[in-house]
Amino acid sequence: MTPSNLLRDESGSTPLESTAQIMDRITSQLGSQLNLVSLDGRRRTEPPAASPLAPRTAPRTAPAPELVVVAHGSRDPRALATVTALLDRVRALRPGLTVRLGHIELNEPLLTDTLAASPGGAAVLVPLLLSRGYHVKHDIPGAAASARHLDTRVAAPLGPHPLLVDALHDRLVEAGWPAGPGRRTDAVILAAAGSRDPDSAADTRRTADLLARRLGVPVVPAYATPTEASALSVPAAVHALAARGRHRTAVASYFTAPGRFATQCAEAAPWIASAPLGVHLAMARLLLHRYDQARATASSTPRAAAHVPSRQLTTA
């Protein structure tokens, strides 16, 4: 058979492989067979190991888990605008990281919808909340466990942490707090939302202690919605401090974004009131810090948490 006969099918009209292609294929097949023969002529059961001098393929690294920031939600439109701007700041600090937003209630996207829309893989849920409480202990883990297509981890809430104290101090200075040592008549009320959970009140007291060390004046936690666990209201705190000779009292807004509670507490201030924490750089850094902390832990969210009932709480 001549080479030209090899290039046609039986009808003599359809071109087949060229001579060069056939030779390349034969050479490749011979090379594969020779790899199974050792130098002493014996047949190997497995192909030889790659030479240490051969270039190595870099191992593929798994993509970083998504960061899902979990905000509470508010009827005040300024809250959503603030949280959206804060997430943009987080993205600027960690380029390439997928950052998504989910709300517990009142705003879209809801957390459950954000998780359902995720294509899969891993996600770290970081509460944009300042203390422990029902949402951190039940609602967020329950939503995470229900997203069975995701490997989820739930980070700790933002507070207490020194970065929050940095943000609180800066907001007070912006409102007019003096840069030097405080006077004997100065005091600060750390105004928070309030919770039935004693752990939430304990976390807020811890932040108040840290801020008092920074300012050198008494810092008293008080609440927009007093409960048995967090009983002191902001007006009551103002009167209590005045009775102790602290007549120049500032209100430090311990809220992540503007809303009804933040406005209510600011109106009770006898002197100055700071703005909510908002898009302060320390807030963006703290979200990433909690994300990194959660990634470093080995345990993921227990699936049993999916059976925890959810509950709606009325907040600003």
Side-chain angles (χ1 to χ4, degrees), residues 70-74 103-106 111 125-145 153-165 167-168 187-215 218-241 244 249 251-257 259-262 264-265 268 276-277 283 286-287 289-290 293-294 297 299 301-302 304-305 307-316:
V70 185
H72 184 278
S74 172
H103 293 92
I104 296 171
E105 58 181 346
L106 300 177
L111 175 59
L125 282 61
V126 180
L128 186 59
L129 302 171
L130 301 174
S131 63
R132 292 169 292 173
Y134 192 89
H135 294 316
V136 170
K137 295 180 179 180
H138 298 274
D139 288 338
I140 298 175
R153 297 179 187 179
V154 178
L158 299 187
H161 195 277
L163 283 170
L164 286 176
V165 177
L168 287 165
V188 171
I189 295 172
L190 184 66
S195 171
R196 301 183 187 91
D197 192 321
D199 287 337
S200 177
D203 289 344
T204 303
R205 285 195 301 269
R206 175 60 178 158
T207 299
D209 290 343
L210 293 173
L211 184 59
R213 294 180 190 177
R214 174 72 64 88
L215 298 175
V219 177
V220 177
Y223 304 93
T225 56
T227 67
E228 184 177 350
S230 49
L232 189 64
S233 69
V234 174
V238 171
H239 291 305
L241 287 167
R244 293 161 51 187
T249 299
V251 170
S253 183
Y254 198 40
F255 300 95
T256 58
R260 178 167 60 91
F261 286 169
Q264 171 187 321
C265 292
L277 300 169
M283 294 289 287
L286 185 51
L287 283 168
H289 173 67
R290 293 301 192 207
Q293 274 188 325
T297 61
S299 61
T301 303
H307 301 292
V308 176
S310 181
R311 181 176 69 182
Q312 296 289 321
L313 298 181
T314 302
T315 59

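For clarity, every value in this text was computed on a predicted model and none was experimentally measured.
Each of V251, L215, L168 was scored for a side chain to side chain contact (heavy atoms under 4.5 Å, CB included) with V188, with one residue passing: L215.
Contact annotation: the side chain of L129 approaches that of I140 to within less than 4.5 Å [non-hydrogen atoms, C-beta and beyond]. Residues L130 and F255 form no side-chain contact, since every pair of their non-hydrogen atoms from C-beta on lies 4.5 Å or further apart. Within the 4.5 Å cutoff, side-chain heavy atoms of P226 are placed close to those of S233. Counting heavy atoms from C-beta on, the side chains of E228 and R196 never come closer than 4.5 Å. Between L164 and M283, some side-chain heavy-atom pair lies under the 4.5 Å cut-off. Residues T204 and Y254 form a side-chain contact, since some pair of their non-hydrogen atoms from C-beta on lies under 4.5 Å apart. Under the 4.5 Å side-chain criterion, counting only non-hydrogen atoms from C-beta, I189 is in contact with L241.
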* Asked: Can L158 and R290 be said to form a side-chain contact (heavy atoms from CB on, under 4.5 Å), step by step?
  -> CA-CA 7 Å; L158 299 187; R290 293 301 192 207; 4.1 Å; yes
* **Test side-chain contact (heavy atoms from CB on, under 4.5 Å) applied to V70 and I104, step by step** => CA-CA 7 Å; V70 185; I104 296 171; 3.8 Å; yes
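In this view, R205 satisfies the salt bridge (Lys or Arg N to Asp or Glu O under 4.0 Å) rule with no residue, not counting sequence neighbours.
Note that NE2 of H103 is 9.0 Å distant from OG of S74, once rounded to the nearest 0.5 Å. How far CG of L277 is from OG of S253: 6.5 Å, rounded to the nearest 0.5 Å.
A side-chain donor-acceptor contact under 3.5 Å links H135 and H72.
Judged by distance alone, with hydrogens and angles left aside, the side-chain atoms of D203 form a donor-acceptor pair with the main-chain N or O of R132 at under 3.5 Å. Between the side chain of S230 and the main chain of G194, no donor-acceptor pair closer than 3.5 Å is present. At least one donor-acceptor pair closer than 3.5 Å links the side chain of T227 to the backbone N or O of S195.
What you find for L125 and A144 is that their closest heavy atoms are CD2-CB, 3.8 Å. Nearest heavy-atom pair across V136 and P141 is O-CD, 3.2 Å. Closest heavy-atom contact between F261 and A193: CD1-CB, 4.1 Å.
Looking at K137 and D197, a side-chain N of the basic residue comes within less than 4.0 Å of a carboxylate O on the acidic one, giving a salt bridge.
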